[in-house]
Amino acid sequence: MIQIVFAIICLVPLNQAALPLVINTWGFENATRAAWSTLQANGSVLDAVERGCAQCELEQCDGSVGFGGSPDEGGETTLDAMIMNGDTMEVGAVANLHRVKNAVGVARAVMEYTEHTFIVGKSATIFAQNMDRNFMSENLSTKQSIDIFSKWLQANCQPNYRKNVSPDPSKSCGPYKPIAESRRPKQPKGNFDSRSHDTIGMIVIGKKGEVAAATSSNGAKHKIPGRVGDSPVVGAGAYADSTAGGAVATGDGDIMMRFLPSFLAVDLMRSGMDPTTACRTAISRIKKYYPLFFGALICANTTGGYGAACNKHPEFSQFPFMVVNPQTNQSQLEMVDCF
């Protein structure tokens with residue numbers, strides 16, 4: 001049985017509207033505590049959300065955040081990240097970032113030191129190293145990621161994300177060439193690995209309702225080099241607006257980014273919808289077209305209310321989530337039904 005954990009970790013009692021609030025995807029408790037500690041030390045919501053995601057980058061949370069995980073078809077690990085200021089609507093994002101471990105820090109540098117929103121690839125690496133000597137050039141591969149890549153090659157490059165190509169991508173490695181439309185299979189392979197997408201998405205809401213959100217991920221395992229998922233795409237992987245709230249997503253980014261679920265959920269909260277219903281509505285929009293997709297969304301409004309929703313998947317019907325009680329400092333495991 002595959003165990004998948006979705007965590008809502010906040011340093012207030014569950015379902016109690018209170019501020020400030022830190023909430024993030026999956027069971028990344030140390031990331032949540034890092035963000036909360038930043039707030040307690042009078043840091044801004046941007047400082048807190050950056051620090052929380054950076055903690056996951058350091059810890060290589062579940063192998064799906066930070067260096068040393070999710071090698072692409074060439075065996076290289078690259079990183080995606082974004083950060084958004086809900087007061088000013090400024091965004092900084094990077095994707096396909098090479099050789100720099102602190103992706104969310106580079107994303108913030110894009111936001112604060114350029115008039116751009118999104119910088120990608122090796123140019124993002126050059127930008128980072130020119131801006132801050134702390135963004136040193138390092139190999140993002142580890143023994144573990146090299147082993148993952150080697151085993152994948154030995155298994156004839158299975159699974160992969162190719163389709164309508166020759167040789168048969170379900171049996172062979174490339175190089176691949178397109179095949180004629182008349183010879184294309186009627187059904188897609190469906191090789192998405194739900195276990196390889198534990199993106200951290202975090203929302204921080206300050207005492208006065210100021211909102212920030214951020215994400216960090218090393219993307220889909222065995223992705224085609226250069227692929228960008230939903231995590232660094234504003235409105236898809238995350239969205240923040242201090243007039244309404246914030247939302248972050250995790251799951252099959254290639255599908256989820258087509259629907260901008262984080263933007264939709266925040267817009268629904270702006271109209272008065274509660275966070276749980278906003279999350280469910282955004283997920284339902286995707287389910288209409290992709291009923292078996294893997295994905296989840298967490299939402300929080302500016303009064304401290306929060307909620308989550310996830311799509312029922314053949315591998316699981318529930319998401320466990322964790323709550324940290326500030327009085328006892330204990331983690332409590334809860335379950336939320338997917339629909």
Side-chain angles (χ1 to χ4, degrees), residues 2 4-6 24-26 62 64-65 69-70 72-73 78-82 84 93 95-96 118 120 158-165 169-170 184-201 213 215-239 246-268 278-299 308-319 336-339:
I2 296 170
I4 299 179
V5 178
F6 173 71
N24 60 265
T25 55
W26 305 98
D62 279 3
S64 61
V65 180
S70 299
D72 63 20
E73 281 188 346
T78 57
L79 308 179
D80 299 342
M82 71 159 285
M84 184 167 187
N96 192 30
F118 208 160
V120 301
Q158 303 304 308
N160 61 61
Y161 292 89
R162 303 284 182 165
K163 67 178 184 180
N164 301 326
V165 295
S170 68
R184 294 177 183 176
K186 295 182 179 179
Q187 297 295 328
K189 295 184 303 171
N191 273 339
F192 175 82
D193 182 0
S194 61
R195 293 160 290 177
S196 70
H197 283 65
D198 300 355
T199 303
I200 184 168
T215 65
S216 185
S217 175
N218 53 35
K221 193 181 299 180
H222 312 310
K223 63 190 175 186
I224 297 170
R227 176 262 188 186
V228 176
D230 67 322
S231 296
V233 177
V234 62
Y239 199 74
V248 290
T250 183
D252 187 344
D254 290 292
I255 289 176
M256 296 182 78
M257 69 193 301
R258 302 168 192 174
F259 297 85
L260 298 179
S262 294
F263 170 79
L264 174 59
V266 172
D267 216 38
L268 292 170
C279 281
R280 287 178 65 92
T281 302
I283 292 291
S284 295
R285 185 77 60 88
I286 306 173
K287 282 171 66 78
K288 176 181 177 182
Y289 296 91
Y290 299 95
L292 299 180
F293 89 102
F294 163 71
L297 197 66
I298 61 173
C299 304
C310 54
N311 184 46
K312 188 177 289 186
H313 187 272
E315 293 178 348
F316 58 92
S317 60
Q318 292 182 311
F319 266 124
V336 59
D337 292 330
C338 297
F339 72 99

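Please read all numbers here as calculations on a predicted model, not as lab measurements.
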Under 3.5 Å, side chain of [X] to main-chain N/O of [Y], donor-acceptor pair present?
{"X": "Ser262", "Y": "Ala236", "answer": "yes"}
{"X": "Thr25", "Y": "Thr250", "answer": "no"}
{"X": "Glu73", "Y": "Tyr161", "answer": "no"}
{"X": "Ser217", "Y": "Thr199", "answer": "no"}

Under the criterion side chain to side chain donor-acceptor pair (under 3.5 Å), which of Asp72, Thr78, Asn96 is the partner of Lys223? Thr78
Assign the ring pair Phe259 / Tyr289 to parallel, tilted or perpendicular, where the plane angle (0 to 90°) is split at 30° and 60°. tilted
Looking at CG of Leu297 and CD1 of Ile286, how far apart are the two atoms once the value is rounded to the nearest 0.5 Å? 7.5 Å
Residues Asp337, Lys312: salt bridge by 4.0 Å N-O rule: no
Does any part of the side chain of Lys287, heavy atoms only, come nearer than 4.5 Å to the side chain of Phe339, both counted from C-beta? yes
Residues in side chain to side chain donor-acceptor pair (under 3.5 Å) contact with Arg258, at least two apart in sequence or another chain: Tyr290
Ser64 and Lys221 side chains, donor-acceptor separation under 3.5 Å: no
Ignoring hydrogens, what is the shortest heavy-atom contact between Val228 and Asp254? Give both atom names and the distance. O-OD1, 4.4 Å
